[in-house]
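Owing to the predicted nature of the structure, the values given are computational and were not obtained by experimental measurement. In what follows, chains carry the letters A, B, and so on, assigned in the order in which the sequence lines appear, proteins first and then strands, with residues in each chain numbered from 1.
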Amino acid sequence: MPFDRILNNNYTSMAKELPSRTEDYSLWYNELVKKADLAEHSDVRGCMVIKPYGYSIWEKMQQALDKMFKDTGHTNAYFPLFVPKSLFEAEEQNAEGFAKECAIVTHYRLKTDPQNKGKLIVDPDAQLEEELVVRPTSEAIIWSTYKKWIQSYRDLPILVNQWANVVRWEMRTRLFLRTAEFLWQEGHTAHATAAEAVKETVQMLDVYADFAENFLALPVVKGRKSEGEKFPGAIDTYCIEAMMQDGKALQAGTSHFLGQNFAKAFNVQFTSREGKLDYVWGTSWGVSTRLMGALIMAHSDDDGLVLPPKLAPIHVVIVPIFKTEEELTKISDKVQEISTALRKQGYSVKFDNRDTHKPGFKFAEWELKGVPVRLAIGPRDMENGTVEVARRDTKEKQVMKLDQVAVEIPKLLEDIQTNIYQRALTFRNNVTTKVDTYEEFKKVLDEKGGFISAHWDGTQETEAAIKEETKATIRCIPLDAKEEAGTCMYSGKPSSKRVLFARAY
RNA sequence: CGGGGCGUAGCGCAGCCCGGUAGCGCGCCACGUUCGGGACGUGGAGGUCGUAGGUUCGAAUCCUGUCGCCCCGACCA
């Protein structure tokens, strides 16, 4: 019987129960996203509604990243959603990469259908002179603008970021991982020298890695993309690659060294200190709501989300255990003290004093939503001056003196943040395998998954052949790859370092 | 975009093969008893069966189109 049948049996669907990861990872993911109130499908094909709880997490990511961007000298700006087709065409390589998945605006007016009152049709008299492409990325509109901003080396560098939505008409979508419209940030910088632009590219890669590890609690491999995998408009694409619990890799962020490609396409030149005219050097870098998918798939378990405290909308939920109104009032007074003490330290505390649900129900619900710490206080605790503390990551419980809460909970939250990072790191290390033969490669790929570190001859042909035969791609050439003489596992040609392969999202 | 599956109450499904005007569980509403791990009883509300056509005396059920979702491929962040 297919697993979705089992799942949909009446008795298992009574509560908000999740399928298990081992039985059906995809189904587990989809159900978790919906049941934890992160997102749902909308009435628009391929587009999702990010629900308040999910959006709160995204806002936390934005806040952290935005600060990091500002700290490295960047400023936010906003460019239009629409890109005139002619501008889009100007950068052929890039345009070609996205052409197959662009939404295009051709008209600017609707009118009542004369044949069918109450229905609207596109007014054929309102056709645009030039079609507008809904941005799949903003290089075109931004570089055409930078042309106006840049004349001299004194105008450089330009360090701009924008938070925006983009549209890529995907054939197959999945909540957060691949949707037709998604939210992201895109940094676009312009520099006087190649060296400075490369430095910027690498700096932003470091920012992303730092963010992934310290906020998402997600270990990542920093690396460079192969020719076949890089952004079409870039000279070099750097990326951070993460490992999900099902052994598939996920690209969590990219940073591109654009060289002078866009400057040439949009004729953005500047006069250097030496009085010479030259094209501007560029970078672009971005992370998207896809990080939500990474966050979910990296840490969560069969009981629901596991959120790193640094991104959790609610750090601590407090569940009172009471029978009478009187008891609740007493408990509420105590809770007031605790939550004030925690809020003063910057933590978000939720007191779940609903009298419409029983404690057990609340426990399960907040676990599903990944709240890192739960406190339960009942009459027994009131007598003893204690509280029951449960941590979401390990599901361990302990009884704590009430007067220790304000000091111990912050420590516990820190410990949870560290623990889920360590757990993810251990997992990733366990599913990273060195192989030297193609036979071994295929075996590991099918039986174990994960990252496979292997020698590659550096050619696109070999990369394509391996992809064709195994569905595995080169995730990256790790920046810290050791020089190591070897032979390509596929072609037998010489290779100087190992690269990371994996099946990927 | 190709192959397969599925759209029936807020959610998950049964009914469809063999046409006769819709049912189950959860949830929801009310009242009572419960409350330290997803409570229970009693009563109640809720559905143009995705949508548009067609066949028929009659369509959730048969046929065609269309839209959407899921799975597998191709493509991609």
Side-chain angles (χ1 to χ4, degrees), chain A residues 2-19 24-27 29-31 34-35 40-48 97-102 136-137 166-180 182-184 186 225 229-232 237 239-242 249-254 256 285-294 303-304 319-325 327-328 331 354-368 374-382 384 386-388 390 395 397 399 467-468 471 473 504-505:
Chain A
F3 188 65
D4 58 334
R5 290 286 172 152
I6 298 170
L7 175 78
N8 293 335
N9 275 350
N10 291 339
Y11 85 100
T12 49
S13 61
M14 283 168 62
K16 282 189 166 181
E17 258 175 49
L18 284 174
D24 191 331
Y25 195 82
S26 301
L27 191 62
Y29 174 82
N30 291 148
E31 291 297 309
K34 284 184 270 195
K35 288 182 170 152
E40 63 191 35
H41 290 284
S42 70
D43 292 336
V44 190
R45 179 197 180 95
C47 295
M48 65 177 163
F98 289 117
K100 287 168 295 193
E101 48 188 31
C102 282
T137 178
V166 287
V167 170
R168 295 180 191 175
W169 215 257
E170 297 292 346
M171 313 228 171
R172 209 173 139 194
T173 60
R174 285 192 74 189
L175 294 169
F176 289 121
L177 297 174
R178 176 163 296 110
T179 45
F182 58 94
L183 306 183
W184 76 347
E186 44 183 327
K225 284 292 188 191
E229 293 282 324
K230 77 172 177 63
F231 179 54
T237 291
C239 62
I240 51 172
E241 289 287 327
L250 185 135
Q251 177 177 302
T254 49
H256 312 288
W285 28 273
V287 296
S288 71
T289 35
R290 192 178 220 209
L291 286 179
M292 293 288 293
D303 294 319
V319 177
I321 289 137
F322 62 98
K323 286 182 187 159
T324 63
E325 191 76 21
E327 269 173 354
L328 178 60
I331 293 170
R354 288 176 293 178
D355 60 2
T356 49
H357 295 275
K358 291 178 61 177
F361 179 91
K362 295 178 182 177
F363 292 175
E365 182 168 280
W366 294 114
E367 275 162 14
L368 181 64
R374 180 188 74 229
L375 306 182
I377 308 186
R380 226 154 52 215
D381 294 300
M382 294 298 285
N384 303 334
T386 56
V387 60
E388 183 194 77
K395 306 207 67 183
K397 292 183 203 173
V399 174
K467 183 179 178 181
E468 172 70 27
K471 310 289 170 230
T473 50
Y505 279 97

[X] side-chain N/O to [N] phosphate OP1/OP2 under 4.0 Å:
X        : N     : result
A:Asn30  : B:C71 : yes
A:His41  : B:C70 : yes
A:Arg172 : B:C72 : yes
A:Lys358 : B:C40 : no
A:Lys100 : B:C75 : no

Counting the atoms with a prime plus P, OP1 and OP2 as sugar-phosphate, which does [X] contact under 4.0 Å by heavy atoms, base, sugar-phosphate, or nothing?
X        : value
A:Gly46  : sugar-phosphate
A:Leu250 : nothing
A:Tyr505 : nothing
A:Arg374 : base
A:Phe322 : base
A:Glu388 : base
A:Gln251 : sugar-phosphate
A:Thr137 : nothing

For [N], what is the paired nucleotide under Watson-Crick or G-U wobble rules, both distances under 3.5 Å?
N     : result
B:U51 : B:G65
B:G2  : B:C72
B:G36 : none
B:U21 : none
B:U42 : B:A30

- [ ] Keeping the roles fixed (side chain from A:Thr173, backbone from A:Ala180), state whether a donor-acceptor pair exists under 3.5 Å.
- [x]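 Pair absent, no side-chain N/O of A:Thr173 close to backbone of A:Ala180.
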TODO: Give the minimum heavy-atom separation between A:Thr179 and A:Arg174, together with the two atoms involved.
DONE: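 A:Thr179 and A:Arg174 have their closest heavy atoms at CG2-O, 3.7 Å.
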Task: Minimal non-hydrogen separation, A:Trp184 against A:Thr137, with atom names - done: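 Heavy-atom minimum between the residues: CH2-OG1, 3.6 Å.
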Can you tell me how far [atom2] of [N] sits from [atom1] of [X], to the nearest Å?
X        : N     : atom1 : atom2 : result
A:Phe231 : B:C76 : CZ    : C1'   : 13 Å
A:Lys471 : B:C72 : NZ    : C1'   : 11 Å
A:Glu31  : B:C71 : CD    : C1'   : 14 Å
A:Arg174 : B:C75 : CZ    : C1'   : 16 Å

Task: Proximal nucleotide (of B:C71, B:G38, B:G73) relative to the A:Ser26 side chain - done: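 Looking only at heavy atoms from C-beta outward on A:Ser26, the closest nucleotide is B:C71.
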- [ ] Compare the minimum distances between each of B:C75, B:G36, B:G38 and the side chain of A:Pro379, then state the nucleotide with the smallest one.
- [x]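 Comparing B:C75, B:G36, B:G38 against the side chain of A:Pro379, the answer is B:G36.
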Task: Exceeds 12 heavy-atom contacts within 6.0 angstrom, atom CH2 of A:Trp169 - done: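 Not buried by this count: 12 neighbours or fewer within 6.0 Å.
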Task: Side-chain-base donor-acceptor pair under 3.5 Å for A:Lys397 and B:G37 - done: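 Donor-acceptor pair under 3.5 Å: yes.
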- [ ] Go through the N and O atoms of the side chain of A:Glu367 and the base of B:G38, and report whether any donor-acceptor pair is under 3.5 Å.
- [x]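 Donor-acceptor pair under 3.5 Å: no.
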TODO: Inspect the contact between A:Glu241 and A:Lys225 and indicate whether a charged nitrogen and a carboxylate oxygen are less than 4.0 angstrom apart.
DONE: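 A salt bridge links A:Lys225 with A:Glu241.
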Open item on the list: Which is more 5' along RNA chain B, the nucleotide nearest A:Phe361 or the one nearest A:Arg178? Just name the residue.
Closed with: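 By nearest-heavy-atom nucleotide position, the 5'-most residue is A:Phe361.
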Task: Position toward the 5' end of RNA chain B (nearest nucleotide), A:Arg168 or A:Ser42 - done: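 Here A:Ser42 is the residue nearer the 5' end.
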Task: Residue among A:Leu328, A:Ile377, A:Leu375 satisfying side-chain contact (heavy atoms from CB on, under 4.5 Å) with A:Pro320 - done: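 Among A:Leu328, A:Ile377, A:Leu375, the one meeting side-chain contact (heavy atoms from CB on, under 4.5 Å) with A:Pro320 is A:Leu328.
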TODO: Any chance you could measure A:Arg168, atom CZ, to A:Arg178, atom CZ, to the nearest 0.5 Å?
DONE: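 Going from the CZ atom of A:Arg168 to the CZ atom of A:Arg178 covers 10.0 Å.
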